[in-house]
Amino acid sequence: MSKSKRKLYESIKINDFRELVNRYKILYFNKTAFEYKETPHSKEHIKISYAKFADDIEALGTALLDLGLRGKRIAIISPNRYEWCVSYLAVTTSDIVVVPLDKSLPNNEIKDLIIRSKVDGVIFDSKYAEVFHKLQEDNTNNLKYYICMDQVDGFDSYNTLIEKGSSLIKEGSSDYFDITIDNKKMSIMLFTSGTTSMSKAVALSQSNICEDIYALSQMTDIRKEDVFLSFLPLHHTFESTCTFLYGSYSGITIAFCDGLKYVQKNLAEFNVTGFVCVPLMLEIMYKKIRKGIEEKGKAKMVKFASKLCNFFLKIKIDIRRLVFKEILNNLGGKLRILIAGGASMSKEAIQGFLDLGINLLQGYGLTETSPVLAGENDKYKRAGSVGFPLPGLEVKIDNPGKDGIGEIIAKGPTVMIGYVDNPEATNEALKDGWFYTGDLGYMDKDGFLFITGRKKDVIVLKNGKNIFPEELEILINQLPYVSESMVFGRPCDDGDYKVCAKIVYQEETMKELYPDISSTDYMNIVWEDIKNKVNHTMPAYKYIREIILTDKPLIKTTTQKIKRHEELKLILKPT
């Protein structure tokens with residue numbers, strides 16, 4: 001498969017975020033950019049046009065410049081909301097560095113990152129009022145401007161600044177419009193997940209992000225008629241680049257989710273056609289779909305219908321959405337595309353969504369690469385892979401072993417400038433123009449990339465054999481009562497490792513499957529399944545030798561990645 005065949009869609013390249021805002025005004029003026037509700041139970045939908053979005057960006061940018069913040073840094077922290085998006089683009093198009101902060105951080109870590117990032121201002125949701133009131137009383141930071149998205153005494157008002165900027169523009173101020181963007185310098189500072197002291201600050205330029213948007217637009221069929229549901233945190237590059245920036249570049253409507261428990265309801269309310277998510281959510285969604293099918297006694301019928309639909313697909317007739325209309329209606333009826341990234345996903349779930357007529361595209365990337373490095377497109381997919389390198393990017397395997405597995409390294413215009421104030425970490429990650437991801441994987445003969453796990457998570461046995469935890473976790477997670485799992489190596493006295501798994505079960509499903517069995521016997525049930533359904537599919541050196549069973553969720557980041565290091569500290573803690 002040649003690279004030229006992969007480039008499916010014609011696209012227009014933008015060089016900076018100012019060109020993105022101009023695109024809103026020229027191409028999508030009267031189209032709805034955002035749709036949301038004030039509360040989960042509100043019947044009224046608030047809709048905001050691209051014209052108003054662009055006006056608000058320019059007004060806020062003008063007001064920030066009037067405060068003398070050009071060349072400074074401004075942090076943003078809030079749940080996903082319209083004001084976050086306005087603030088992000090107003091800051092970056094005003095020659096100010098934006099510092100998006102994780103909305104789930106505890107107050108002490110917010111304070112630490114405010115100090116570390118040396119920001120002069122912060123734009124925030126009222127739920128963070130307490131921490132910023134305390135910071136106002138503290139003299140150990142650079143903060144001069146506290147801008148609240150809601151009306152709270154003691155803080156500058158976001159709405160007042162919008163009004164002020166709008167008035168200044170009407171009076172003839174051209175400060176905002178006269179700025180020439182340097183698209184190669186740091187414009188976005190993002191902290192990697194981890195404890196505050198260990199997290200690294202990634203420096204990205206507007207060119208980095210715009211190059212990723214351009215590459216994505218050549219890969220995927222995102223249409224201006226699409227409505228994407230936004231629920232992953234916007235501070236994370238996967239959501240901010242793929243849903244917000246690339247989505248708005250394409251003219252879609254972004255609908256803000258009322259909360260994870262309202263996802264299914266929101267799919268129908270907003271007529272959602274797609275969303276960006278992590279595989280864990282899709283695995284859970286697929287299990288629910290499969291469970292519903294089985295409860296109605298339609299498993300054999302659906303299996304036959306899937307085979308029939310796939311036969312017709314071979315002769316270019318697609319009847320999937322007609323055949324599976326009832327199932328699709330439970331997902332809102334309009335859902336057509338899912339974009340997943342961040343972890344491996346079972347082949348069964350992938351095929352399950354495709355069989356329903358929902359286009360599932362997997363991708364791979366890191367904050368340091370703006371973020372997407374590789375992905376699938378509508379025409380070229382391979383089960384188990386994360387697709388192939390995006391146009392304009394090089395990806396290769398460094399120092400591969402006999403099995404072809406080695407560290408994934410990448411080169412191209414989306415690779416970060418470096419880590420802020422951390423030359424040692426920068427030099428370790430960037431060598432001769434190549435970014436060393438810390439992820440392990442291999443590429444097949446057609447250029448499809450397969451991820452096998454994190455370099456630091458691989459279990460290396462005394463005999464030199466490597467065990468990749470994610471490979472085993474995918475099998476464990478397919479058990480009907482499992483919500484998530486983590487495979488790890490427990491050190492032994494002889495210097496070797498014992499392969500173990502911490503498994504989180506769903507109590508409700510367990511009770512349904514085994515109504516006459518006490519919870520004290522769940523361990524025996526799970527252990528038998530591990531021996532018969534997981535171990536027997538593997539060579540002996542990969543056998544899971546010990547399990548920990550719990551109904552408590554694993555410790556995770558805000559993008560639902562398991563914090564393995566923190567889990568291991570708990571598991572291996574001396575008693």
Side-chain angles (χ1 to χ4, degrees), residues 1-4 6-7 11 13-17 92 97 181-193 199-219 237-238 240-242 245-246 341-342 363-375 385-401 404-456:
M1 179 177 60
S2 66
K3 287 186 178 181
S4 61
R6 299 173 184 163
K7 193 172 177 178
S11 185
K13 187 175 181 179
I14 57 169
N15 297 297
D16 56 53
F17 295 163
T92 50
V97 174
I181 303 292
D182 180 351
N183 70 347
K184 297 293 185 182
K185 74 175 185 179
M186 180 175 73
S187 186
I188 307 103
M189 182 194 293
L190 290 150
F191 287 96
T192 59
S193 56
S199 62
K200 297 189 283 285
V202 177
L204 295 179
S205 69
Q206 292 189 33
S207 176
N208 288 150
I209 301 281
C210 289
E211 289 283 357
D212 211 54
I213 291 170
Y214 181 52
L216 288 168
S217 66
Q218 296 172 65
M219 293 278 289
T237 43
F238 188 37
S240 62
T241 296
C242 295
L245 297 172
Y246 170 45
Y364 162 74
L366 304 92
T367 301
E368 290 90 337
T369 57
S370 305
V372 188
L373 273 179
S385 86
V386 292
F388 45 83
L390 266 58
L393 303 179
E394 293 181 70
V395 176
K396 67 180 184 180
I397 306 301
D398 183 58
N399 196 24
I405 295 173
E407 184 172 3
I408 300 164
I409 62 175
K411 179 189 281 187
T414 69
V415 173
M416 68 172 179
I417 298 168
Y419 295 114
V420 180
D421 300 328
N422 195 341
E424 186 178 322
T426 300
N427 292 335
E428 188 179 332
L430 293 173
K431 300 170 187 174
D432 298 323
W434 289 92
F435 171 65
Y436 285 69
T437 66
D439 289 320
L440 296 173
Y442 64 93
M443 296 183 86
D444 68 12
K445 59 183 177 61
D446 293 320
F448 282 95
L449 178 65
F450 293 77
I451 312 297
T452 56
R454 287 292 289 172
K455 192 175 179 179
K456 63 183 179 181

(message) Please give me the minimum heavy-atom distance between Met186 and Ala203, naming the atom from each residue.
(response) SD-CB, 3.4 Å
(message) Could you walk me through whether Ser187 and Gln206 satisfy the side chain to side chain donor-acceptor pair (under 3.5 Å) test, starting with their C-alpha distance in whole Å, then the side-chain angles of each, then the deciding distance to 0.1 Å, before giving a yes or no?
(response) CA-CA 6 Å; Ser187 186; Gln206 292 189 33; 3.1 Å; yes
(message) Looking only at the side chains, is there a donor atom on one of Ser370 and Thr414 sitting less than 3.5 Å from an acceptor on the other?
(response) no
(message) Once rounded to the nearest 0.5 Å, what's the spacing between atom OG1 of Thr367 and atom NZ of Lys200?
(response) 10.5 Å
(request) Might you work through the side chain to side chain contact (heavy atoms under 4.5 Å, CB included) test for Val372 and Leu390, ending with a clear yes or no? (result) CA-CA 8 Å; Val372 188; Leu390 266 58; 3.9 Å; yes
(message) Rounded at 0.5 Å granularity, tell me how far OG1 in Thr437 sits from CG in Leu366.
(response) 6.0 Å
(request) Could you check Pro371, Ser207, Cys242 and say which one makes a side-chain contact (heavy atoms from CB on, under 4.5 Å) with Asp212? (result) Pro371
(request) Give me the ring orientation class for Tyr442 and Phe450: parallel if the planes are under 30° apart, tilted from 30 to 60°, perpendicular past 60°. (result) parallel
(message) Please find the pair of heavy atoms, one from Leu373 and one from Leu393, that lie closest to each other, and give the distance.
(response) O-CD1, 3.7 Å
(request) Identify the two heavy atoms, one from Glu368 and one from Thr192, that lie closest to each other, and give their separation to 0.1 Å. (result) OE2-CG2, 3.9 Å
(message) As a quick check of understanding, evaluate side chain to side chain contact (heavy atoms under 4.5 Å, CB included) for Leu449 and Ile408, giving each step before the final call.
(response) CA-CA 9 Å; Leu449 178 65; Ile408 300 164; 4.2 Å; yes
(request) Scan side-chain atoms only and decide if Tyr364 and Asp439 contain a donor-acceptor pair under the 3.5 Å cut-off. (result) yes
(request) Examine distances only and state if a side-chain atom of Asn427 and a backbone atom of Pro423 form a donor-acceptor pair shorter than 3.5 Å. (result) yes
(request) Check the pair Lys396, Ile409 against side chain to side chain contact (heavy atoms under 4.5 Å, CB included), reporting the backbone distance first and the verdict last. (result) CA-CA 6 Å; Lys396 67 180 184 180; Ile409 62 175; 3.5 Å; yes
(request) Return the minimal non-hydrogen interatomic distance between Met219 and Gly375, and the atom names on each side. (result) CE-O, 3.2 Å
(request) Would you give the length of the straight line joining atom OG1 of Thr92 to atom CG of Leu204, rounded to the nearest 0.5 angstrom? (result) 12.0 Å
(message) For Lys431, give me all partners under salt bridge (charged side-chain N to carboxylate O under 4.0 Å, His left out), at least two apart in sequence or on another chain.
(response) none
(request) Could you tell me which non-hydrogen atom of Ser385 sits nearest to which non-hydrogen atom of Phe448, and how far apart they are? (result) OG-CD2, 3.5 Å
(message) My understanding is that only residues two or more places apart in sequence, or in another chain, count here; which of them pass side chain to side chain contact (heavy atoms under 4.5 Å, CB included) with Asn15?
(response) Lys13, Glu19, Asn183
(message) Donor-acceptor pair, distance only, cut-off 3.5 Å: does the side chain of Asn208 make one with the backbone of Val415?
(response) yes
(message) Is it the case that the side chain of Thr241 and the backbone of Phe238 share a donor-acceptor pair, with hydrogens and angles ignored and the cut-off at 3.5 Å?
(response) no
(request) Using the ring pair (Phe, Tyr, Trp, His ring centres under 6.0 Å) rule, collect all pairs that involve residues 410-438, keeping only residues at least two apart or in two chains. (result) none
(message) Go through it in stages, so that I can follow the logic: the residues are Thr237 and Leu190, the test is side chain to side chain contact (heavy atoms under 4.5 Å, CB included), and I'd like the CA-CA distance, side-chain angles, deciding distance and then a yes or no.
(response) CA-CA 8 Å; Thr237 43; Leu190 290 150; 3.2 Å; yes
(message) On a heavy-atom basis, which atom in Pro389 and which in Gly447 lie closest, and how many Å separate them?
(response) CD-O, 3.8 Å
